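None of the values given here were measured: they were computed from a predicted structure. Only heavy atoms go into these numbers, but all of them, side chains included; no hydrogens, no water, no symmetry mates. Convention: sequence-line order gives letters A, B, ...; per-chain numbering from 1.
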Amino acid sequence: EDQVTQSPEALRLQEGESSSLNCSYTVSGLRGLFWYRQDPGKGPEFLFTLYSAGEEKEKERLKATLTKKESFLHITAPKPEDSATYLCAVQGRGDFNKFYFGSGTKLNVKP
Amino acid sequence: KAGVTQTPRYLIKTRGQQVTLSCSPISGHRSVSWYQQTPGQGLQFLFEYFSETQRNKGNFPGRFSGRQFSNSRSEMNVSTLELGDSALYLCASSMQGAVASEQYFGPGTRLTVT
C-alpha cells in the first residue's frame, strides 16, 4: 500500500535558522506529491505540487524538492509566522484521486 | 473564486445520535474528498466522490457514509455516534484531470461527542 512518512515529528528553530523537513514515500507510480501547511484548528493550505524527480518549487522562504523516494521542504531564514504543521501527501496511479497523507512535522520558530 | 465551505463549523452531539456535515466545493471542482483528523491519527481518508459516485473509500465502519449532489455539493453522515468520533472533519475539492491536481481544503467541522 502507498505510504508517506514525515520526519522529524517536531522541529524547533530560532528565527533565521534554516532547516529541512523530510517526506519519504512509497507509491505505485507517482502522479503527484503535495505539500500543505496547517495552522491549529484550520484546514490544510496548499503550498506545492511536484510531479517528477528533480523538480523544484519555491515560494517565499520555502523550497520543495523531489527525488524518486523522498521530498524535502527547505525553509530558509524562517520567521515566527512560519510556525505551523507541514503535511506531505502523495497521489499514486492506482486509486485515481486518493491521497495518502503523512502525519506531519510541527514547526515552531522562536523569535 | 470562493474557497471550499463547510457547515456547520462546530457541533456538539451525544453518543448514539447521528450527524450530517455539509461541504460546498470550489466552483468547477467535481471531486470531493472527506477526511477525519485527530491528534493521534492525523489525516485519515474517509471517501471520495466524483459526479455523484463514490470512487474511493477508506477503512471506516459503515456508520460513516456520504453522498454527492448534481451540483457537486457533498454531505457526510455519521450514525450512532461514539466518543471516538470526536474529531475535525475536513472536506477537500479538486479538479478532475489527466495529471495530478491538488486538493483544496475547507476550514473543517469540529465535532465533539459527549
Side-chain angles (χ1 to χ4, degrees), chain A residues 1-10 21 23 25 27-53 55 57 59 64 66 71 73 84-106, chain B residues 1 3-6 9-10 21 23-26 29-51 53-59 68 74 87-112:
Chain A
E1 186 180 270
D2 300 348
Q3 276 192 319
V4 179
T5 304
Q6 291 188 248
S7 62
E9 287 186 16
L21 313 182
C23 170
Y25 64 91
V27 66
S28 53
L30 181 70
R31 286 173 54 84
L33 184 141
F34 308 87
W35 281 98
Y36 290 85
R37 168 196 170 122
Q38 186 175 25
D39 293 300
K42 297 187 176 181
E45 174 191 346
F46 169 73
L47 293 173
F48 303 109
T49 305
L50 300 167
Y51 295 102
S52 57
E55 190 174 1
K57 294 269 180 79
K59 180 180 180 180
L66 181 64
S71 176
L73 185 65
T85 295
Y86 290 85
L87 297 167
C88 170
V90 297
Q91 184 184 31
R93 297 190 183 279
D95 299 317
F96 191 77
N97 211 35
K98 192 171 180 180
F99 285 63
Y100 295 88
F101 278 84
S103 54
T105 293
K106 187 172 184 179
Chain B
K1 213 178 222 187
V4 178
T5 58
Q6 291 186 246
R9 293 292 315 279
Y10 303 92
L21 312 182
C23 170
S24 292
I26 292 172
H29 286 190
R30 296 168 65 190
S31 170
V32 174
S33 297
W34 288 90
Y35 295 86
Q36 181 195 66
Q37 188 175 38
T38 58
Q41 297 294 319
L43 267 168
Q44 301 288 309
F45 172 76
L46 281 156
F47 27 66
E48 185 248 352
Y49 286 88
F50 177 77
S51 291
T53 300
Q54 187 183 89
R55 291 196 303 186
N56 288 298
K57 192 177 188 317
N59 296 324
Q68 186 181 34
S74 178
L88 181 67
Y89 289 88
L90 292 161
C91 164
S93 74
S94 65
M95 296 281 287
Q96 174 69 30
V99 296
S101 59
E102 56 273 7
Q103 293 185 328
Y104 292 90
F105 284 83
T109 295
R110 172 73 62 185
L111 172 64
T112 302

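- In plain terms, the two heavy atoms of Asn56(B) and Lys98(A) that are nearest each other are ND2-N, 3.9 Å.
- Smallest separation of non-hydrogen atoms from Pro44(A) and Leu90(B): CD-CD1, 3.8 Å.
- Of the two parts of Leu30(A), neither the backbone nor the side chain holds a non-hydrogen atom closer than 4.5 Å to a non-hydrogen atom of chain B.
- With sequence neighbours excluded, the residues satisfying side-chain contact (heavy atoms from CB on, under 4.5 Å) with Glu55(A) are Leu50(A), Tyr51(A), Ser52(A), Lys57(A).
- Atom CD of Gln54(B) has more than 12 neighbouring heavy atoms from other residues, nucleotides or ligands inside a 6.0 Å radius.
- By the side-chain contact (heavy atoms from CB on, under 4.5 Å) test, Thr105(A) pairs with Gln6(A), Pro8(A), Leu11(A), Leu21(A), sequence neighbours left out.
- Atoms CD and CZ, on Gln103(B) and Phe101(A) in that order, are 5.5 Å from each other to the nearest 0.5 Å.
- For the atom pair CG of Leu87(A) and CD of Gln37(B), the computed distance is 7.0 Å after rounding to the nearest 0.5 Å.
- Only the side chain of Gln38(A) comes within contact range of chain B, with at least one heavy atom under 4.5 Å from a heavy atom of that chain.
- The contact between Tyr36(A) and chain B is made entirely by side chain atoms (from C-beta outward), counting heavy-atom distances below 4.5 Å.
- Residue Lys42(A) qualifies as open at atom NZ: its count of foreign heavy atoms under 6.0 Å is 12 or below.
- The closest side-chain heavy-atom distance from Glu48(B) to Phe99(A) is not below 4.5 Å.
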